[in-house]
Visitor: 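Just dropping this structure here.
In this text the structure is predicted, and so the values were computed from the model without any measurement.
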Amino acid sequence: MSYIVDRRLNGKNKSMVNRQRFLRRYRSHIKKAVSDAVNKRSITDMERGEKISIPTKDTNEPVFGHTTGGTRHRVFPGNKEFNTGDKIPRPKGGGGDGGGDGKASNQGEGIDDFSFFISKEEFLDYVFEDLALPNLVKKTLNAAEEVAYRRAGYTNVGTPNNLAIVKSMRAAQARRIALSASSRRKLKAKKAELEEELEKDPVLQDQRKILLLKESIKKLEDKIKAIPFIDTFDIKYRNIIKEPVPSTKAVMFCVMDVSGSMTQQIKDMAKRFYILLYLFLQRSYEKTEVVFIRHHTSAKEVDEEEFFYSRETGGTIVSSALELMAEIIRDRYPPSQWNIYGAQASDGDNWDDDSPRCAQLLNEQIMPMVQYFAYIEITPNAHQALWRAYDGLAGSHDNRFAMEQITSAEEIYPVFRELFSRKEYKEAV
């Protein structure tokens, strides 16, 4: 029997490291479970963990074994049931929700599926994995705070907290070797000469020469010892410099229709889409601002609370929201400094004469300023007037304009991933 013992030191966060390794190993199982969970729960219930089950057959650990190889024959005493060549059936599965077939039995045994719980942070990591803002590019420098600190070699002047001990000791050792090299060579030669003289017959030894050699050796040893162990010239400090970093400032415009044609069910689905978008932005990007715009016959900029929970309604003039969005961009978010995005949710119902106006505003004023614009039509029926007006814009703006339809709550998350999938759109660098 052989044993393999791992004696590597474990840090205080050993369990955390092991957990992350475990999550990486069963990544495909967890992603599938998270995807199923998102489709079953409400978006407002996103920020909680999830119970994950892994089939027992996928949790087997590799083992080491020793064998002589080849074919071996063994005789076991007391065998009254089996003969050579008989095949032994495997035990039947069982155990409720485990690997059995769910039927009662008076024999057999099995093992339940392995279950564990992932935290809300881990759950959201898997939800927003492989998602990104499309066409995100670095704009002009943000002088306010976009500064990074990086290492830039070593210097002889610095603060104690930046002292490079190993570099300083190496420099001191190199200096001592360089300054004492000549003396060490002479010392080695004198010692060899003294040893040669001492090996002679006592009658033939030159005592005066031996005395002079000992004095020379003593002087050379003292000279080598006089070299200081460390000098101020040897002390090195890590050189830390400031470096401006290009800013990736981004702003997302959330435009939602709250007109009378929007039923409560459609409004709820629109809110759930925006909640998912808001969670994604807050979790993935530190420098992203969000502008909320609600509209019926008129549009206005609102805060987060009013955007999601206000009960105001009215007629439908979608162009008012696009005009307000263009005005806010010109006043506060110059395209030369900001990555600008828009997400518009509506049932597509609009005053007939206003839909061509919306397409014109989007094509001539909005699209030249934005990195990406997504239109989400929430309706269980055929496409409405606004979709038909926007339909001609998709081909004229490469990878910067997208339209999707949501007919039920189960489609919210798949549509969201389709619009912001990293596979289709690559982040610019």
Side-chain angles (χ1 to χ4, degrees), residues 38-44 46 252-280 292-300 302 307-325 341-363 366-367 370 372-395 397 400-421 424:
V38 168
N39 293 330
K40 292 177 182 178
R41 68 170 69 174
S42 65
I43 301 301
T44 54
M46 290 288 288
M252 173 65 74
F253 283 83
C254 297
V255 182
M256 184 167 64
D257 185 355
V258 293
S259 61
S261 63
M262 294 276 287
T263 65
Q264 188 59 44
Q265 182 182 5
I266 294 177
K267 288 181 180 179
D268 289 341
M269 285 194 285
K271 291 176 183 178
R272 292 174 65 179
F273 177 86
Y274 282 121
I275 289 172
L276 192 60
L277 176 60
Y278 186 68
L279 283 173
F280 164 62
F292 297 103
I293 297 177
R294 291 166 55 97
H295 75 87
H296 38 82
T297 54
S298 62
K300 67 175 180 177
V302 297
F307 182 81
F308 287 112
Y309 302 110
S310 176
R311 304 181 65 85
E312 183 182 357
T313 186
T316 310
I317 300 181
V318 179
S319 62
S320 61
L322 298 179
E323 289 173 350
L324 178 59
M325 178 179 172
Y341 297 87
Q344 179 185 6
S346 172
D347 63 347
D349 189 18
N350 190 25
W351 182 41
D352 291 340
D353 294 340
D354 189 57
S355 294
R357 169 64 176 161
C358 293
Q360 181 182 8
L361 283 171
L362 194 60
N363 186 49
I366 303 294
M367 293 308 301
V370 302
Y372 183 68
F373 190 94
Y375 170 66
I376 303 94
E377 186 168 282
I378 306 174
T379 173
N381 304 315
H383 297 306
Q384 302 299 309
L386 200 57
W387 180 284
R388 294 191 292 270
Y390 284 172
D391 197 25
L393 301 179
H397 301 282
R400 295 195 303 117
F401 182 78
M403 297 193 303
E404 292 288 342
Q405 184 182 17
I406 296 177
T407 59
S408 62
E410 290 76 15
E411 296 180 1
I412 295 175
Y413 182 63
V415 166
F416 176 79
R417 289 196 65 88
E418 180 68 23
L419 291 173
F420 296 97
S421 173
E424 183 176 355

Visitor: Please report the shortest heavy-atom distance between M256 and F307, naming the atom on each side.
Guide: CE-O, 3.3 Å
Visitor: Could you pull out all residues at least two apart from I317 that satisfy side chain to side chain contact (heavy atoms under 4.5 Å, CB included)?
Guide: T297, S319, D354
Visitor: Which atoms form the tightest heavy-atom contact between S355 and A385, and what is the distance?
Guide: OG-CB, 3.8 Å
Visitor: Dump the intermediate steps for side-chain contact (heavy atoms from CB on, under 4.5 Å) on L393 and M367, then the final yes or no.
Guide: CA-CA 10 Å; L393 301 179; M367 293 308 301; 5.6 Å; no
Visitor: In chain order, what residues pass the salt bridge (charged side-chain N to carboxylate O under 4.0 Å, His left out) check against E377, with sequence neighbours excluded?
Guide: none
Visitor: Run the side-chain contact (heavy atoms from CB on, under 4.5 Å) check on T379 and Q405 step by step: do they pass?
Guide: CA-CA 7 Å; T379 173; Q405 184 182 17; 3.4 Å; yes
Visitor: I'd like to check the ring pair (Phe, Tyr, Trp, His ring centres under 6.0 Å) partners of Y375; sequence neighbours left out, ordered by chain and number.
Guide: Y390
Visitor: Taking side chain as C-beta onward, heavy atoms only, is L386 less than 4.5 Å from D257?
Guide: no
Visitor: Test M262 against H296 for side-chain contact (heavy atoms from CB on, under 4.5 Å), laying out the working first.
Guide: CA-CA 10 Å; M262 294 276 287; H296 38 82; over 6 Å; no
Visitor: Between OG of S298 and CD of E323, what distance do you get to the nearest 0.5 Å?
Guide: 11.5 Å
Visitor: Under 4.5 Å between any side-chain heavy atoms of L322 and Q344, yes or no?
Guide: yes
Visitor: Is there a side-chain contact between D391 and M403 in this structure, where contact means two heavy atoms from C-beta onward sitting under 4.5 Å apart?
Guide: yes
Visitor: Flag the pair L277 / M252 as yes when at least one side-chain heavy-atom distance between them is below 4.5 Å, and no otherwise.
Guide: yes
Visitor: I need the minimum non-hydrogen distance between E411 and I406, along with the two atoms involved.
Guide: OE1-CA, 3.6 Å
Visitor: Mind checking what makes side chain to side chain contact (heavy atoms under 4.5 Å, CB included) contact with T263, not counting sequence neighbours?
Guide: Q265, I266
Visitor: How about F292 and Y274: are their ring centroids closer than 6.0 Å?
Guide: no
Visitor: Any chance you could measure I366, atom CD1, to M325, atom CE, to the nearest 0.5 Å?
Guide: 4.5 Å
Visitor: Under 30°, 30 to 60°, or over 60°: which ring-plane class applies to F416 and F420, parallel, tilted or perpendicular?
Guide: tilted
Visitor: Testing S259, C358, S261 one by one against N350 for a side-chain contact (heavy atoms from CB on, under 4.5 Å), which residue passes?
Guide: C358
Visitor: Under the salt bridge (charged side-chain N to carboxylate O under 4.0 Å, His left out) test, which residues partner R294, sequence neighbours left out?
Guide: none
Visitor: With a 4.5 Å heavy-atom cut-off, do I378 and F273 have their side chains touching?
Guide: no
Visitor: Check side chain to side chain contact (heavy atoms under 4.5 Å, CB included) between A321 and all other residues, then give those that pass, not counting sequence neighbours.
Guide: V255, I293, H295, A299
